[in-house]
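Treat the numbers as computed from the prediction; the structure is a model and nothing was measured.
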Amino acid sequence: MSLAARLEAQHQDNQDIVDTLIEDGADLNDEFVVEHHFACANFDKLEKLAVEVFKLGFDVTDAEEMREGRNILFCFDAVREGPLVLEELNEDTDTLMKLADRFGVDYDGWGTYFGEEVDEDYEEEDEDE
């Protein structure tokens, strides 16, 4: 699938997720922690991407090693907090997907927390800073 087709598909995913949050009663003006997920078998490529993403103003989590079948993958999250604005979310996913593509890293979508649920790993890292 071409990058343009993946960007278009991601915009539709963004819209679907935002619509679901609204249906579940979310106030998009609240603070949301949005985590964009990246994965790659090559740690050096992932690390170079993380540096570039950090320069764009995202918080970046430490890389983690995961096993997927016989393969080892490295992954990290790029995190941004704020109100959930679809146009800004589309801009972020466009920027991050293009950057990931340039570095040969997989962009694996994004997620957020709704309600009281928070990512304890991110909260711990945030408190350490």
Short question: side chain of [X], backbone of [Y] - any donor-acceptor pair under 3.5 Å?
X	Y	answer
Asp77	Val79	no
Asn42	Asp44	yes
Thr112	Phe32	no

How about [X] and [Y]: do any of their side-chain heavy atoms sit closer than 4.5 Å?
X	Y	answer
Glu81	Val34	no
Leu28	Ile22	yes
Lys98	Leu7	yes
Phe58	Leu96	yes
Tyr113	Glu35	yes
Leu56	Leu99	yes

Next on the checklist: Can you classify the ring geometry of His36 versus Trp110 as parallel (below 30°), tilted (30 to 60°) or perpendicular (above 60°)?
Outcome noted: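 Taking Trp110 first and then His36, their aromatic rings sit tilted (interplane angle of 30° to 60°).
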Item to check | Asp94 vs His11, side-chain hydrogen bond (donor to acceptor under 3.5 Å, both in side chains): CA-CA, chis, key distance, verdict | outcome: CA-CA 9 Å; Asp94 285 358; His11 284 196; 2.7 Å; yes
Next on the checklist: One thing to verify: whether Asp59 and Arg80 come together as a salt bridge, which I'm taking to mean a side-chain N less than 4.0 angstrom from a carboxylate O.
Outcome noted: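 Salt bridge between Arg80 and Asp59, a charged N being under 4.0 Å from a carboxylate O: no.
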Item to check | Neighbour count above 12 (heavy atom, 6.0 Å) for Gln15 CD | outcome: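 Above 12, so yes.
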Next on the checklist: Is it the case that atom CD in Glu68 sees more than 12 heavy atoms from other parts of the structure closer than 6.0 Å?
Outcome noted: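 No, CD of Glu68 has 12 or fewer neighbouring heavy atoms, counting only those of other groups under 6.0 Å.
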Approximate separation, where rounding is to 0.5 Å, of [X] [atom1] and [Y] [atom2]:
X	Y	atom1	atom2	result
Leu46	Lys48	CG	NZ	11.5 Å
Glu64	Phe74	CD	CZ	11.5 Å
Asp19	Leu21	CG	CG	9.0 Å
Arg6	Thr93	CZ	OG1	12.0 Å
Met1	Glu8	CE	CD	9.5 Å
Asn90	Asp92	CG	CG	9.0 Å

If every non-hydrogen atom of [X] is compared with every non-hydrogen atom of [Y], which pair is closest and at what distance?
X	Y	value
Ala63	Phe43	CB-CE1, 3.6 Å
Ala78	Val53	CB-CG1, 3.4 Å
Cys40	Gly104	SG-O, 3.8 Å
Gln10	Gly109	OE1-CA, 4.4 Å
His37	Gly111	NE2-N, 3.8 Å

Checklist entry - Between Phe38 and Tyr107, does the ring centroid distance fall short of 6.0 Å? => result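 That pair passes the under 6.0 Å test.
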Item to check | Candidate pair Glu65 and Leu73, rule side chain to side chain contact (heavy atoms under 4.5 Å, CB included), full reasoning | outcome: CA-CA 6 Å; Glu65 184 179 310; Leu73 290 175; over 6 Å; no
